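Because only heavy atoms are used, hydrogens play no part in the values below, and waters and symmetry mates are left out as well, while side chains stay in. In this text, all values refer to a predicted model and were calculated from it rather than measured experimentally.
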Amino acid sequence: MTEELPKLPEGWVWTKLGEVTEKAQKVDRKNKSSDDSFLYIDIGSIDNTTNKIIGHKEYKWSEAPSRAQQIIKKGDVLFSTVRTYLKNIAMVDREEYENQICSSGFTVIRGWNGMFHQKIFFYYSISNRFLNALNKLQTGTSYPAVRDEDVFNQPFPLPPLPEQHVIVEIIEEKLSSLDHAVEELKKAKEGLATYRQSVLKWAFEGKLSEEWREAHKGELETAEELLERIKRERAERYERELEDWKKAVKEWEENGKQGKKPTKPKRPKETQPLTEEELKELPELPEGWGWVRLGDINEIIMGQSPPGESYNTDGVGVPLINGPVEFGPSAFSKTIMSKWTTSPSKMCKEGDLILCVRGSTTGRQNIAGFEACLGRGVAAIKAEVINQMLVNHYFVFLRERVFKMGTGTTFPNISYEQIASIPFPLGPLPEQHFIVSEIERRLSLADRLEKAIDDALERSELLRQSILKKAFEGELTRKWREEHPELITGENSAEALLERIRKEKEESGKGRGAGRRRTDGRRGRKRRNKT
C-alpha cells in the first residue's frame, strides 16, 4: 500500500478489503430452467440517500437481463461501481433476498466465511476515506466506473472481532438520533415545497389580495377593461410598425432595391375565447377578474435557427439562448453568436420568461438574465402591460402541466398554439403588483428557511462522516479497549484473525484444485465489462 495511512490502535491492522472478503458466486444460467423466477436487485433498487434497498424486480430466466449475474446472501454489501460518488450502496438485510440475484454493476462485499460483523463493511463503504479513493479511480466518460479489483484493493482498517461488534453498536446509536433529525429536516423541506405551491394557488385565486382588493373597491380597472386596453395598444403598435415598414420599403426602392427587402410586420394573432366547457373546469375568480388566454396578454416569440453570414453589433457577437433550459434564475449559459444571415429578429429582453419547447428538457423554464437571440429550442413569453413577474410565477405554478404539454415521444415539443391557449386568471393591474409583492415576500421567507435546512443537512452529513472517521480510527472505542485489553490481543487480535483467514483461503484453494481464481484481490482478476 503506497498511500500514507493513519496509525491504528493496538490490536488493529491495515489490510486490503479483498484479503478479508469472498467473491459472490456467479449464476450458471445453463442449469437454470427458463420458467424459473428470481428477485433481481439493480442500481435502481437502491435509495442512495438512506442507503437501503427499496424494491426489486422479478424475472423469469428466459427474460433475465444480461447483467443478472451474481448470487447474493443476507448481510452482503452491494456497492455500485458506476459513478461511485452517487453512493448507490446498500446492505442486503432481508431474508427474502437470500440466494437471489443482483446486477453485475455491483461489487458484492461479503466477509470471509462468517468471520466478521458484516455491518463493519457497510459502514466503511459509505465513509469518505473509502469513497474518495475510489472516486479518483473511475474511468470512462459516459459511465465513469471502477472495477471489482479497484474496490477489493482498497485499504481496510481491520479491528478485532469483539471490537467490531462494539464499533457497530456505537455507530448505530449515534447515527440513529442523527438520522431522526435528518428525516425531520427532509419533512420540513417537503413542507416548504407544498407551502410554495399553496402561496401560488392562493395568489391566482385572488386570496392573497382579498383585504387589499376590499380596501380599493370601486377604484380598479376590471380585467375586461384591461384586456380591451391591451388589444387597443397592440393594434396601435402594429399600425406604427406598418407605417415604419412602408417608409423603409420606399427608401429601399429609392436606393435601387439594394439588399434585402424590409420584412413586413405581422398582424397580432388573435386567440379564440375560452369555451363554456373550459370555464366550467377552471376555479371561480373574484369580482373584477376574468379568465383569458395567455396569448391575449403576452407576446410569445418562438426561437429561430441561427444560420448564416457575419452579423454583429459594434463588433460584438449577439448572445444566443437555446435549449436545454434549467431552472433558474439564468442558469443557462450565454453563448455569443457572431454568424447571422441578417440581424436576428427573435430576441428576448432581460426579465422575459424563457421556456424550453424542444427536446429532453421541454417544459423547463427560466428568466432571461440578459438580452439575447432565441434559439430554436426555446420561446420567450413577454407580458404586455401586465406584470411580467406575475406571468413568471404563474408558470412556476403550472410547471407540472407545462411538462405534460410536450408532444412526441422521441423528440417532445411545445407549439405556439399550445402556449397561447393556456388560461390565465387576469386581475386589475395594481392588484397584480400587490400580489407579486406578497408572493415574493412569502417565497423569500421560504427560501431563507430552505437555505437553513440545507445548511443543517450539510452539517449532518459532515457529522455522519466525522462519526465514521472516528469509528475506523478507533476513537469511539478507546475507553472500551482500555477496559478489555484481553479482547484485542493474542488470539483476539486482528492480526490473528487475518492469519486464520489466510490459512483458510489457502486450504480452500488447494481443496478446489489448481487454477482456481484467487479471491484476495492480489492477482488473477479479470477486468469486467461495465457497459
Side-chain angles (χ1 to χ4, degrees), residues 1-6 8 12-26 69-73 75-82 84 87-92 102-139 145-161 164 167-168 468 472 493-530:
M1 301 173 196
T2 57
E3 64 175 305
E4 186 175 340
L5 299 171
L8 294 176
W12 292 39
V13 64
W14 279 108
T15 183
K16 287 186 178 181
L17 189 63
E19 289 192 276
V20 293
T21 56
E22 56 180 298
K23 287 184 68 68
Q25 184 181 353
K26 294 295 181 69
Q69 295 182 12
Q70 304 186 93
I71 302 172
I72 57 175
K73 305 282 186 182
D76 287 349
V77 176
L78 307 183
F79 183 92
S80 171
T81 53
V82 179
T84 55
K87 300 171 75 169
N88 286 304
I89 308 163
M91 188 170 180
V92 180
C102 80
S103 167
S104 58
F106 292 114
T107 293
V108 178
I109 303 172
R110 180 185 301 161
W112 176 263
N113 204 19
M115 290 186 176
F116 296 88
H117 194 308
Q118 190 67 7
K119 285 188 177 180
I120 205 78
F121 296 115
F122 168 69
Y123 286 120
Y124 193 64
S125 72
I126 61 173
S127 70
N128 279 346
R129 169 173 284 280
F130 189 73
L131 287 166
N132 290 344
L134 287 168
N135 290 344
K136 295 174 184 176
L137 297 177
Q138 293 181 113
T139 58
V146 295
R147 301 167 297 175
D148 277 354
E149 65 184 72
D150 295 323
V151 177
F152 287 125
N153 277 331
Q154 289 309 301
F156 178 71
L158 178 62
L161 182 56
Q164 291 177 31
I167 289 170
V168 169
L468 295 174
F472 290 102
S493 70
E495 193 170 53
L497 175 61
L498 185 57
E499 186 58 33
R500 288 196 298 274
I501 293 169
R502 285 171 176 165
K503 285 182 179 179
E504 282 196 16
K505 284 194 172 188
E506 186 177 353
E507 291 171 0
S508 176
K510 288 178 181 177
R512 295 182 186 179
R516 179 180 179 273
R517 191 169 60 188
R518 297 184 63 99
T519 58
D520 60 5
R522 288 180 289 181
R523 66 175 180 268
R525 290 201 175 276
K526 294 181 180 179
R527 184 184 296 265
R528 190 171 69 196
N529 185 358
K530 293 292 181 182

Novice: Kindly determine whether Arg110 and Val77 satisfy side-chain contact (heavy atoms from CB on, under 4.5 Å), including the steps that lead there.
Specialist: CA-CA 7 Å; Arg110 180 185 301 161; Val77 176; over 6 Å; no
Novice: Indicate whether any N or O donor in one side chain lies under 3.5 Å from an N or O acceptor in the other, for Asn113 and Glu504.
Specialist: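 Looking only at side-chain atoms, Glu504 and Asn113 do form a donor-acceptor pair, the distance falling under 3.5 Å.
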Novice: With sequence neighbours left out, write down each residue that passes side-chain contact (heavy atoms from CB on, under 4.5 Å) with Leu137, or none if nothing qualifies.
Specialist: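 Result, side-chain contact (heavy atoms from CB on, under 4.5 Å) vs Leu137: Leu134, Val146, Asp150, Gln154.
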Novice: Taking atom NZ of Lys26 and atom CD of Gln70, what is their separation to the nearest 0.5 Å?
Specialist: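 Reported to 0.5 Å precision, the distance equals 5.5 Å.
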Novice: Can you see which heavy atom on Gly111 is nearest to which on Gln118, and at what distance?
Specialist: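 Nearest pair, atom of Gly111 first, then Gln118: N-OE1, 3.0 Å.
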Novice: State, yes or no, whether a side-chain contact exists between Ile120 and Phe472 at a heavy-atom distance under 4.5 Å.
Specialist: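 Of all side-chain heavy-atom pairs linking Phe472 with Ile120, at least one is under 4.5 Å.
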Novice: Kindly give the heavy-atom pair with the smallest separation between Ser127 and Leu468, and that separation in Å.
Specialist: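 Scanning both residues completely, I find the closest heavy atoms to be CA-CD1, 4.0 Å.
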Novice: According to ring-ring contact (aromatic ring centres under 6.0 Å, His included), who are the partners of Phe116, at least two apart in sequence or on a separate chain?
Specialist: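 In terms of ring-ring contact (aromatic ring centres under 6.0 Å, His included), with neighbours along the sequence ignored, Phe116 is linked to Phe121.
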Novice: Determine whether Asn153 and Leu17 satisfy the following criterion, side-chain contact (heavy atoms from CB on, under 4.5 Å), listing intermediate values before the conclusion.
Specialist: CA-CA 6 Å; Asn153 277 331; Leu17 189 63; over 6 Å; no
Novice: Hey, is the main chain of Pro159 close enough, under 3.5 Å, to the side chain of Gln164 for a donor-acceptor pair?
Specialist: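 The answer is yes, because a donor-acceptor pair under 3.5 Å joins these two groups.
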Novice: Compare all side-chain heavy atoms of Ile501 with those of Met115 and state whether any distance is below 4.5 angstrom.
Specialist: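 Answer yes - side chains close enough.
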Novice: Mind telling me whether Tyr124 and Phe156 have parallel, tilted or perpendicular rings, with 30° and 60° as the class edges?
Specialist: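 Rings of Phe156 and Tyr124: perpendicular, as their planes differ by over 60°.
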Novice: Would a 4.5 Å heavy-atom cut-off, applied to side chains only, mark Pro6 and Arg129 as touching?
Specialist: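 When only atoms from C-beta onward are counted, Arg129 and Pro6 do touch, with a gap below 4.5 Å.
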Novice: Test your reading of the model: is there a side-chain donor-acceptor pair from Ser493 to the backbone of Ala496, 3.5 Å cut-off?
Specialist: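 Present.
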Novice: What are the two closest non-hydrogen atoms of Met91 and Gly75, and how far apart are they?
Specialist: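 Result for this residue pair: CE-O, 3.5 Å.
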Novice: Evaluate Trp14 against Leu5 for side-chain contact (heavy atoms from CB on, under 4.5 Å), listing each step before the verdict.
Specialist: CA-CA 8 Å; Trp14 279 108; Leu5 299 171; 3.6 Å; yes
Novice: Taking C-beta and beyond as the side chain, do Ile89 and Ser80 meet within less than 4.5 Å on heavy atoms?
Specialist: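 A side-chain contact is absent here, since even the closest heavy-atom pair is not under 4.5 Å.
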Novice: For the CG atom of Asp148 and the NZ atom of Lys23, what is their distance to the nearest 0.5 Å?
Specialist: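 One gets 4.5 Å once the value is rounded to the nearest 0.5 Å.
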Novice: Can you check whether Gly105's main-chain N or O pairs, donor with acceptor, with Thr81's side chain at less than 3.5 Å?
Specialist: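 It does hold such a pair.
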Novice: What distance do Ile71 atom CD1 and Cys102 atom SG have between them, rounded to the nearest 0.5 Å?
Specialist: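 It is 10.0 Å, given to the nearest 0.5 Å.
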Novice: Check whether any side-chain heavy atom of Leu158 sits under 4.5 Å from a side-chain heavy atom of Leu498, and report yes or no.
Specialist: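 Leu158 reaches Leu498 side chain to side chain.
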Novice: List for me each residue that meets side chain to side chain donor-acceptor pair (under 3.5 Å) alongside Asn128, sequence neighbours excluded, and say none if there are none.
Specialist: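 Scan of Asn128 (side chain to side chain donor-acceptor pair (under 3.5 Å), adjacent residues dropped) gives none.
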Novice: Has Ser508 got a side-chain atom pairing as donor or acceptor with Lys505's backbone, closer than 3.5 angstrom?
Specialist: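 Not at all, since once roles are kept as given, no pair shorter than 3.5 Å links the two residues.
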Novice: Any heavy-atom pair between the side chains of Ile109 and Val151 that's under 4.5 Å?
Specialist: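 Result yes, sub-4.5 Å side-chain heavy-atom pair found.
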Novice: Calculate, to the nearest 0.5 Å, the distance between atoms CG and CD1 belonging to Leu131 and Ile126 respectively.
Specialist: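 The CD1 atom of Ile126 is 8.5 Å from CG of Leu131, to the nearest 0.5 Å.
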Novice: Say you draw a straight line from NZ of Lys73 to CD of Glu22; how long is it, rounded to the nearest 0.5 Å?
Specialist: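 Here the interatomic distance stands at 9.0 Å.
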Novice: Using only atom types and a distance under 3.5 Å, with no angle test, would you say the side chain of Gln138 pairs donor to acceptor with the backbone of Thr84?
Specialist: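 Indeed, once roles are kept as given, a pair shorter than 3.5 Å links the two residues.
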Novice: Quick check: Phe130 with Tyr123 (ring centres under 6.0 Å apart)?
Specialist: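 Centroid separation for Tyr123 and Phe130: 6.0 Å or greater.
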Novice: How many angstroms lie between atom CZ of Phe122 and atom CZ of Phe79, to the nearest 0.5 angstrom?
Specialist: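 The CZ atom of Phe79 is 11.5 Å from CZ of Phe122, to the nearest 0.5 Å.
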